Visitor: 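Below is one structure. I have some questions about it.
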Amino acid sequence: MKLGLLLGASIVPLTLAVALPAVAQDAPATALEEVIVTGQPAMRNRTEDVVPTLSYDLEYFQRFEPLTVGDALKRVPSVTFLSDVLESDGARLRGLDPAYTKVLIDGEEVPGANLDRSFFVDRIPAELIERVEVVRSSSANRSGDAVAGTINIVLRDAAALDGGYLRLGALAWSDNEYGRYGGTYGAVWGGEALGGRLLVGANVQDRRNPKNKYSVRYDEPGGTVENTEVQTDVRDGTDYAFNAAYEAEIGGGEFEIAGVFVRTDRYQDEDSIEYRDGIENDANLDLTNDNDLDIRTDNLSIRSRYSREMLGGESTIKLAYANIDDQQYEFEGESEYLRDAIAFPDEDRYTLDSTTTDINDEEWKAALEHRLDLSNGLELEFGVQGNWKTRESLIAETPRIRFNVPNAPAARPAVPAFGPATPVVGGDATIEENRLDPYVMLSGVNGAVSWEAGLRYETTETTVTDVDHSGATPVTTVHETDEAELLPSFSLRWALSDEDRITFSAARTVRRPSFNFLSPALLTEEVGDSDFVGNPDLRAEIATGFDLGFERRLGRRGVAGVNLFYRDIQDLIEHINTGAEGDGGPGTFIYTVDNVGDGKVYGLEFDLSTPLDFIGMESTGVFLNYSWLDSEIADFMGDRRFNSQSDYVLNAGFTQDLPTWGAAFGATYRKQGDAFSRVLAEEVVTSYGGDLEVFVEKRFGEKVIVRLTGSNLLDSSKDEIFDKFASEQDQIARDYDEFEVEAESAGPFYQLVMRVAF
């Protein structure tokens, strides 16, 4: 069974790892490479899975000291991000929106707190993973909502740890801050206990991300500068986590239970100054803004499993519970200075707003599965999987505080306290989603050919309850939908020789609607000057696709592969104009979302990972992967790509061991192509600079290693260009409301890592 210490987006810097005395001599010893790199290049695994799968052990990433699983995924093919600089949260496999990618932990589903159901992969520290698998197609025994593919995060095996270790760390950020506790502290122990095997762990660690932003706003492209904005954005927090796992032989079968609790405390402080006409002096200081966001997210997951040989095969019962409790408080204070002829420091008006968000997502899962070995190398697997979700959200705002400030030297009025918070329109909602998914899968081996064919039937009952508090009496609205999809899948692996093989897979998959699209509440001025109302009757998007790949072994441990993928997506969810007049009067409308049109996604993926032993350089390892990504979709303005899909992503790097000196060094470089997004009233082009990371390490004997790692050494930036419009008609006519150019940057950060094993 796999389990590890599951954390929020984490920083695991300077690390001291000490293995405690073993409890049982006959248990498997802790693998030394968990704390010490063995001094040889680590490459991608060549898996024997029939479904096309790329597998990367921790050693593939470890020397570059990735902070989170998200950072580690930046080195694998076709994974892009649309995050802020130095952050890797929502993984975009094949460049598609995170909702098209399924994220699993140890092969099991995990709920996400995001509106599009996606799970942020920066919630798991890279220090704890055993390996990361990128599963390019779907199988009948896994949930079908994996249009782009699946990322399976395999945590360390509790049974493999005999003893324990402590870890201590520190990290240097570009602003010379060190966090609340100055680093990270953790402990893990595993061994025989309670008649079986037990693993427990705990961790506390700091997180920080200081960034700078600069924006220039024009009335139109190439037009007059209306204002500039100078902004600082500092995200500071602490993660707390506890995990435990237990496994034992009970009643002739194997019983496993695992639990993980994560608390993320995070404070985001954004401060900005805007200048009129782009003239940055006191006379043109327009406004200052202080925007603070306090976040506390608790993530609890408990999974159990019992397997036993019976009925001619092996039966498995699974039961799991998962809960996300996300609470946020946002405060925004704004001072305006140019409402009259008297410039700074005379303040003219002060405005205060506050919003509280409370989201609780609770899921129960159960499964009954059975495997049978048939004749002629055939295996039959069948079962039923259930998922019962309840998501409650409450978003409330306090009445706005706004008052004029008299000219100096008159005293500024006292700021009154906020009044009671009231749920916003659409903010008080409950979504219940019940699924019951039977499946059957047959697999076999015939000489050089291995194959798998399956059929999954997914049923989904959804109930959306919305409470409208805008009137004198709350009004409750309930919408129910019932949907079912048949999802066939097929995969084949053909070994042409000991070195070469071909893989092929085809599958039908789904993407369920985002939660905010299901709410029937009417939101004013949500789309430019127009309004938006959700659609509880939305159907899931359906994709039919295939992957065709070729893979070749290089030398003893190297591998190179190329893969072609294609997805035909039907019932795409897009914004449409209802034609009804909006709350803003003539020229404004009410928009909604509906299943309209089709889309296509396709691309070519190449990856190379090999030591150069086949040319006599066994201490040198190289990796290179390049993915060309493209798509087609039609919206209200014509053809475009899927929103925010980068057109390519490149990763390249090397490691060089120096065995005589007991040392090593290496570097990795990453570049992601431009991404374009077009929605109603806004278009965005996002570009990222190149990212360079290097490491230098020295080993002392077999148990001590010291490593210095530098990240973001090119001061990578995120540049965005915004075309903003007041309405759909203005967007088509290119009648601009605003044209904005924004640049975000962050400095390098360094880690000094020491690991000591006993």
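Treat the numbers as computed from the prediction; the structure is a model and nothing was measured. When a residue number appears, it is its place in the shown sequence, counting from 1.
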Visitor: Step by step, would you call E605 with S627 a side chain to side chain donor-acceptor pair (under 3.5 Å)?
Guide: CA-CA 4 Å; E605 303 160 318; S627 300; 4.8 Å; no
Visitor: Closest heavy-atom contact between A148 and R94?
Guide: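 Minimum heavy-atom separation between A148 and R94: O-NH1, 2.9 Å.
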Visitor: Does R44 pair with D607 as a salt bridge, N-O distance under 4.0 Å?
Guide: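 A salt bridge is present here (some side-chain N lies under 4.0 Å from a carboxylate O).
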Visitor: Say you draw a straight line from OH of Y602 to CZ of F565; how long is it, rounded to the nearest 0.5 Å?
Guide: 10.0 Å
Visitor: For K600, is there an ion pair with D568 - N to carboxylate O distance below 4.0 angstrom?
Guide: no
Visitor: I'd like to know if the side chain of R511 reaches the main chain of I569, judged simply by a donor and an acceptor atom lying under 3.5 Å from each other, with no hydrogens or angles considered.
Guide: no
Visitor: With the threshold set at 4.0 Å, does a side-chain nitrogen-carboxylate oxygen contact exist between R131 and D57?
Guide: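 So R131 does not pair with D57 through a salt bridge.
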Visitor: I'd like to know if D298 and R263 make a salt bridge, using a cut-off of under 4.0 Å between side-chain N and carboxylate O.
Guide: yes
Visitor: If you round to the nearest 0.5 Å, how far is CG of D97 from OG of S118?
Guide: 7.0 Å
Visitor: Given Y439, which of R456, Q385, E381 fulfils the side-chain hydrogen bond (donor to acceptor under 3.5 Å, both in side chains) condition?
Guide: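 Testing each of R456, Q385, E381 against Y439, the sole residue satisfying side-chain hydrogen bond (donor to acceptor under 3.5 Å, both in side chains) is E381.
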Visitor: Evaluate the criterion salt bridge (charged side-chain N to carboxylate O under 4.0 Å, His left out) for residue pair R371 and E369; output intermediate values, then yes/no.
Guide: CA-CA 7 Å; R371 291 173 181 258; E369 303 170 346; over 6 Å; no
Visitor: Is the shortest distance from a Lys or Arg side-chain nitrogen in E458 or R512 to a carboxylate oxygen in the other one below 4.0 Å?
Guide: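 Salt bridge between E458 and R512, a charged N being under 4.0 Å from a carboxylate O: yes.
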Visitor: Does the side chain of S143 come under 3.5 Å of the side chain of D145 through a donor N or O and an acceptor N or O?
Guide: yes
Visitor: Under the side chain to side chain donor-acceptor pair (under 3.5 Å) criterion, do S139 and E452 qualify, and how do the steps go?
Guide: CA-CA 8 Å; S139 292; E452 164 192 301; 2.7 Å; yes
Visitor: Between T53 and E133, is a side chain to side chain donor-acceptor pair (under 3.5 Å) present by the stated rule, with each step listed?
Guide: CA-CA 6 Å; T53 302; E133 297 175 343; 6.0 Å; no
Visitor: Evaluate K389 against D361 for salt bridge (charged side-chain N to carboxylate O under 4.0 Å, His left out), listing each step before the verdict.
Guide: CA-CA 7 Å; K389 171 195 284 285; D361 192 317; 2.9 Å; yes
Visitor: Please check if the side chain of S304 supplies one atom and the backbone of L319 the other of a donor-acceptor pair under 3.5 Å.
Guide: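 Judged by distance alone, yes, a pair lies under 3.5 Å.
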Visitor: For S631 and Q645, does a side-chain donor sit closer than 3.5 Å to a side-chain acceptor?
Guide: yes
Visitor: Under a 4.0 Å threshold between the charged nitrogen and the carboxylate oxygen, would E254 count as salt-bridged to R305?
Guide: no
Visitor: Checking the side chain of T459 only, and the main-chain atoms of L436 only, is there a donor and an acceptor separated by less than 3.5 Å?
Guide: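 Yes; at least one donor-acceptor contact below 3.5 Å.
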Visitor: Could you tabulate the donor-acceptor pairs under 3.5 Å formed by side-chain atoms of residues 441-450, not counting sequence neighbours?
Guide:
from : atom 1 : to   : atom 2 : distance (Å)
S450 : OG     : R493 : NH2    : 3.4

Visitor: At their closest point, which heavy atom of N595 faces which heavy atom of D571, and how far apart are they?
Guide: ND2-O, 2.8 Å
Visitor: Counting only heavy atoms not in E309 (residues, nucleotides, ligands), do more than 12 fall under 6.0 Å from its CD?
Guide: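 Open.
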Visitor: When you measure from the side chain of N152 to the backbone of G107, do you find a donor-acceptor pair of N or O atoms at a distance under 3.5 Å?
Guide: yes
Visitor: Between S138 and G144 (side chain of the first, backbone of the second, donor and acceptor by atom type, cut-off under 3.5 Å), is there such a pair?
Guide: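 Not a single qualifying donor-acceptor pair exists.
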Visitor: Below 4.0 angstrom, N of the basic side chain to O of the carboxylate: do K365 and E363 qualify?
Guide: yes
Visitor: Hey, are D547 and R567 close enough for a salt bridge, meaning a charged N less than 4.0 Å from a carboxylate O?
Guide: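 Here D547 pairs with R567 in a salt bridge, since their nearest N and O are under 4.0 Å apart.
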Visitor: Would D71 and S88 satisfy side chain to side chain donor-acceptor pair (under 3.5 Å), going step by step from the backbone distance to the final call?
Guide: CA-CA 6 Å; D71 293 333; S88 307; 3.3 Å; yes
Visitor: Determine the interplanar angle of the F642 and Y100 rings, folded into 0 to 90°, and report it as parallel if under 30°, tilted if 30 to 60°, perpendicular if over 60°.
Guide: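 It falls in the perpendicular class, over 60°.
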Visitor: Check the pair R266, E87 against salt bridge (charged side-chain N to carboxylate O under 4.0 Å, His left out), reporting the backbone distance first and the verdict last.
Guide: CA-CA 14 Å; R266 183 168 180 169; E87 297 196 10; 2.8 Å; yes
